[in-house]
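Treat the numbers as computed from the prediction; the structure is a model and nothing was measured.
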Amino acid sequence: MKIVTWNVNSIRSRFESAKKVIESLKPDVLCLQEIKVIDDLFPYDFFKSHGYNYNAVRGQTSYNGVAILSKIPFLLQENISFKKEARHLSIKIKDVEIHNLYVPAGGDIPDPELNPKFADKLEFIDSVKKWFKYNKKATDKIVVLGDLNVAPLENDVWSHKQLLKVVSHTPIEVEKYNNLQNSLGFFDANRHFISKEEKLYSWWSYRNRDWRKSNRGRRLDHILLTESLKKHLKFANIYKDVRDYERPSDHVPVLIKLECA
DNA sequence: ATGGTTGGACCCCAA
């Protein structure tokens with residue numbers, strides 16, 4: 001089973017990119033964030049025409065919004081609510097739960113006292129951590145993926161030193177992120193295959209003339225798995241070339257292959 | 001230190 005997570009930054013602006021992503025990566029399950037559309041206006045037909053007959057959409061106008069498109073039937077699970085914002089969707093395929101998350105970006109000022117958006121971000125990560133701790137077991141087969149908006153490792157950003165006070169890589173966020181990761185002993189699918197010593201990004205700002213040349217990337221998109229899925233994980237990759245598509249999202253897709261038991 | 005760009009709604013906000 002191939003599972004992809006991708007922050008599309010508006011699905012209605014991303015048809016051409018999405019078509020190419022679907023045709024090249026051929027995911028069985030496609031988890032999207034920042035669809036920026038209400039449920040009624042979601043492009044269900046576009047995905048059906050590409051073989052995704054099963055969908056779960058939790059949209060919102062203008063901001064946020066998450067969706068899961070699947071070629072395989074699934075069961076819709078409980079969603080976490082947070083200030084009426086559409087940031088979580090979860091499904092179950094066989095005995096594997098998939099949780100699609102869009103963590104708040106958190107604004108610019110890395111101080112929860114001065115910046116309510118940053119306070120919300122910390123609170124959101126905390127509440128998700130608690131939710132997993134109370135509702136799930138470390139022995140469950142769980143995939144947590146999405147735009148988690150935190151680059152936890154030194155080599156998840158282009159300059160650890162220069163980003164210590166930049167929202168997405170501040171010590172307080174990384175601590176919250178690690179607490180979430182440790183809640184059920186999740187491991188990082190991409191770092192399972194690529195050493196922590198190696199630079200690895202999934203996002204490059206639009207505000208660069210040449211994203212590839214400046215290469216000031218960050219790894220904000222993640223796939224975390226509980227230990228019981230370790231033996232099933234066969235492959236993980238980040239598709240950097242998608243950043244060069246026409247009208248690209250600022251995030252690129254991240255994929256894992258799970259060999260089912 | 002600042003500004004750079006994109007998307008979606010509305011005459012600016014969030015990323």
Side-chain angles (χ1 to χ4, degrees), chain A residues 5-21 31-43 46 57-67 82-88 100-112 114-125 145-152 156-170 172-174 176-177 201-222 238 240-254:
Chain A
T5 175
W6 187 24
N7 178 324
V8 287
N9 184 20
S10 170
I11 188 58
R12 290 176 295 176
S13 302
R14 222 58 72 203
F15 290 116
E16 288 311 308
S17 282
K19 188 176 163 62
K20 286 175 73 174
V21 164
C31 300
L32 305 176
Q33 303 89 37
E34 276 206 274
I35 59 173
K36 292 186 173 178
V37 67
I38 56 171
D39 294 13
D40 286 348
L41 296 177
F42 186 84
F46 170 82
V57 177
R58 191 166 171 208
Q60 189 182 320
T61 185
S62 314
Y63 310 114
N64 316 318
V66 283
F82 183 80
K83 299 178 192 285
K84 294 181 180 167
E85 295 177 352
R87 297 186 176 278
H88 173 251
N100 182 13
L101 282 170
Y102 176 52
V103 171
D108 289 327
I109 305 160
D111 181 344
L114 301 174
N115 173 10
K117 284 191 275 188
F118 192 66
D120 276 0
K121 179 179 196 173
L122 299 178
E123 191 190 330
F124 181 82
I125 300 172
L145 53 73
D147 177 2
L148 306 186
N149 261 321
V150 177
D156 290 339
V157 293
W158 61 275
S159 166
H160 170 61
K161 263 193 174 168
Q162 284 178 260
L163 283 148
L164 276 170
K165 287 179 178 161
V166 174
V167 170
S168 72
H169 193 62
T170 64
I172 179 138
E173 289 165 87
V174 171
K176 299 285 183 196
Y177 178 94
Y201 313 137
S202 67
W203 172 90
W204 290 262
S205 171
Y206 285 125
R207 304 173 195 179
N208 271 316
R209 253 171 256 289
D210 186 336
W211 72 273
R212 205 182 269 277
K213 197 176 164 195
S214 60
N215 199 23
R216 293 186 167 190
R218 302 179 203 170
R219 189 168 71 106
L220 304 177
D221 304 272
H222 304 278
I238 300 182
K240 163 175 192 175
D241 288 353
V242 173
R243 189 64 180 76
D244 266 335
Y245 286 4
E246 287 281 314
R247 291 190 79 197
S249 168
D250 43 357
H251 296 254
V252 299
V254 182

Given the options Asn149(A), Leu148(A), Val103(A), Tyr177(A) meets side chain to side chain contact (heavy atoms under 4.5 Å, CB included) only with Leu148(A)

I need the CD1-P distance between Ile35(A) and dA9(B), as an integer number of Å. 12 Å

Remember a base hit wins even if backbone is also touched, and classify Ser205(A) as base, sugar-phosphate or nothing at under 4.0 Å, heavy atoms. nothing

If you count the non-hydrogen atoms of other residues, nucleotides and ligands that lie under 6.0 Å from CG in Asp108(A), is the total more than 12? no

Between Phe82(A) and Phe124(A), how do the two ring planes meet: parallel, tilted or perpendicular, split at 30° and 60°? perpendicular

If I pick the C1' atom on dC11(B) and the same atom on dG7(B), what distance separates them, to the nearest angstrom? 16 Å

Report the distance from atom NE2 of His169(A) to atom CZ of Arg219(A), rounding to the nearest 0.5 Å. 11.5 Å

Please give the distance between the P atoms of dT6(B) and dT2(B) as a whole number of Å. 23 Å

Quick one: Trp204(A) CH2 to dT6(B) P, roughly how many Å, whole number? 17 Å

Would Thr5(A) and Gln33(A) count as a side chain to side chain donor-acceptor pair (under 3.5 Å) if you check the C-alpha gap in whole Å, the side-chain angles of each, and the deciding distance to 0.1 Å? CA-CA 8 Å; Thr5(A) 175; Gln33(A) 303 89 37; 2.9 Å; yes

Select base, sugar-phosphate, or nothing to describe what Arg247(A) touches, counting heavy atoms under 4.0 Å on all strands. sugar-phosphate

So do the side chains of Val21(A) and Tyr245(A) get within less than 4.5 Å of each other, counting heavy atoms only? yes

Residue pair Arg216(A)/Thr61(A) against DNA chain B: nearer the 5' end by closest nucleotide is Arg216(A)

Would you mind building the protein contact string for nucleotides 10-15 of chain B? One character per nucleotide, 5' to 3', B for base within reach (heavy atoms under 4.0 Å), S for sugar-phosphate only, - for untouched. ----SB

Answer with base, sugar-phosphate or nothing: what part of the nucleic acid does Asn208(A) contact at a heavy-atom distance below 4.0 Å? nothing

Nearest whole angstrom, please: distance from the C1' of dT6(B) to the CZ of Arg209(A). 15 Å

Rounded distance [0.5 Å steps], NE2 in His251(A) versus CG in Asp147(A): 4.5 Å

I'd like the C1' distance from dA9(B) over to dG4(B), given in whole Å. 22 Å

Which is true for Arg14(A) with a 4.0 Å heavy-atom rule: it touches a base, it touches only sugar-phosphate, or it touches nothing? sugar-phosphate

Gap in Å between the two P atoms, one belonging to dA1(B) and one to dC13(B), rounded: 25 Å

